[in-house]
Amino acid sequence: MSKLGPEEAINGDFAGRDILSVNQFSRPDVEMLFGVASNMGRMVEERGRIDILKGTILATLFYEASTRTSSSFIAAMQRLGGGIIPITGVQYSSVSKGETLEDTVATLGCYADVIAIRHPEVGAASKAAAATEVPVINAGDGVGEHPTQALLDLFTIQAELGTLDNLSIAMLGDLKNGRTVHSLARLSAKFGASLSYVAPADLSMPRELMDELDQLGIDQNSYESLDPVIESCDVLYVTRIQKERFEDAEEYERLKDSFIITPEVMRRAKPKMVLHHPLPRVNEIAVSVDSDPRAAYFRGMRYGLNVRMGMLPLVIGRSVDDIGIYAA
Ligand code: NCD
């Protein structure tokens, strides 16, 4: 048995597929996943759990810090009745003995039916995918991508605004190093979003990514101030300055508080818009903004659980019809 090549299009069939990049998803793939995720959301509200993945196991292999992504994958699997192998402190695994990524992943592939991996290097998830026959889900590869986060971000936006069509999405913060914005820009482009990038000059959206989206005819504009976009955006997606990606601590100190969203800033935004953040937040959204009804980042975590509950059965090979019967 061999898997399809990494990063190949999903094309309506998630079974056995690695989830490495949002580029694998067409708009119908996203819509199919969101349909299942919505069912999961309803089911969790009504019953809390459903045993459609009983007897299957998820391994989470995290070489980088995580609270939300690792716990929501684990919670998703447990609410689906499956088991987990959580390796969150790789320093306590054979990694500390010098085992390669490939050998560690091949090992977990002997025990688990699906592996979610986070690693500081771009391309590590693809490397992992090539080392095992079981599906590998990229839960963040350095400054590369974080596809399940982008899917949950888009699901959150849809749930909050009721549509994904022709939105004006402003992304703010560390656009150079933030993998979530790299994935979200690519994914929202598939829905015709126009994208505004607001960042200090040294942390701007990578040129290659902008070129990639230019080829698709996506409307993209870059700014160093929020002023041109705050009154017109439908979504303001705020990100943390990615401290761990800086070689120079002084550079981080200089840039860390470049933008702070306060109630004053929110007063200028549309009454119907979404303020979102992948979290963790450091200082870029004032706590006093949390009670603003447009602040969606805490609700986003619940939506993220629903999306991961939708994705796991699909990649493990359950059909939408099967899941539909259980989730109805
Ligand atoms: C993000 C990540 O790890 O890229 N967190 C997350 O998964 N929700 C964002 C970040 O760390 O800033």
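All residue numbers in this chain count up from 1 along the given sequence. Indexing begins at 1, ligand by ligand and atom by atom, following the structure's order.
- A donor and an acceptor atom, one from each side chain of Arg118 and His146, are located under 3.5 Å apart.
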Quick one: table the atom pairs, ligand 1 N or O against protein N or O, below 3.5 Å, distance rounded to 0.1 Å.
| unit_1 | atom_1 | unit_2 | atom_2 | d |
| --- | --- | --- | --- | --- |
| ligand 1 | 3 (O) | Arg118 | NH1 | 3.3 |
| ligand 1 | 3 (O) | Arg118 | NH2 | 3.2 |
| ligand 1 | 3 (O) | Arg179 | NH2 | 2.9 |
| ligand 1 | 4 (O) | Arg179 | NE | 2.7 |
| ligand 1 | 5 (N) | Leu279 | O | 3.0 |
| ligand 1 | 7 (O) | Thr69 | OG1 | 2.9 |
| ligand 1 | 7 (O) | Arg118 | NH2 | 3.0 |
| ligand 1 | 7 (O) | His146 | NE2 | 2.8 |
| ligand 1 | 8 (N) | Gln149 | OE1 | 3.1 |
| ligand 1 | 8 (N) | Pro278 | O | 3.0 |
| ligand 1 | 8 (N) | Leu279 | O | 3.0 |
| ligand 1 | 11 (O) | Arg240 | NH2 | 2.8 |
| ligand 1 | 12 (O) | Arg240 | NE | 2.8 |
| ligand 1 | 12 (O) | Arg240 | NH2 | 3.2 |
| ligand 1 | 12 (O) | Gln242 | NE2 | 2.8 |

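- Contacts of Thr156 classified as side chain to side chain donor-acceptor pair (under 3.5 Å), with partners at least two apart in sequence or in another chain: none.
- At a threshold of 4.5 Å between non-hydrogen side-chain atoms, the residues Arg254 and Glu250 do not count as touching.
- Under a 4.5 Å side-chain heavy-atom criterion applied to ILVMFWY residues, the cluster that includes Ile260 comprises that residue alone.
- Within the hydrophobic cluster formed by Ile, Leu, Val, Met, Phe, Trp and Tyr side chains joined at under 4.5 Å, directly or through other members, Tyr297 is accompanied by Leu172, Val198, Tyr223, Leu226, Val229, Ile230, Leu236, Val238, Phe259, Ile261, Val265, Met266, Met273, Leu275, Leu279, Ile285, Val289, Phe298, Met301.
- Under the 6.0 Å distance and 45° angle rule, Arg308 counts as a cation-pi partner of Phe73.
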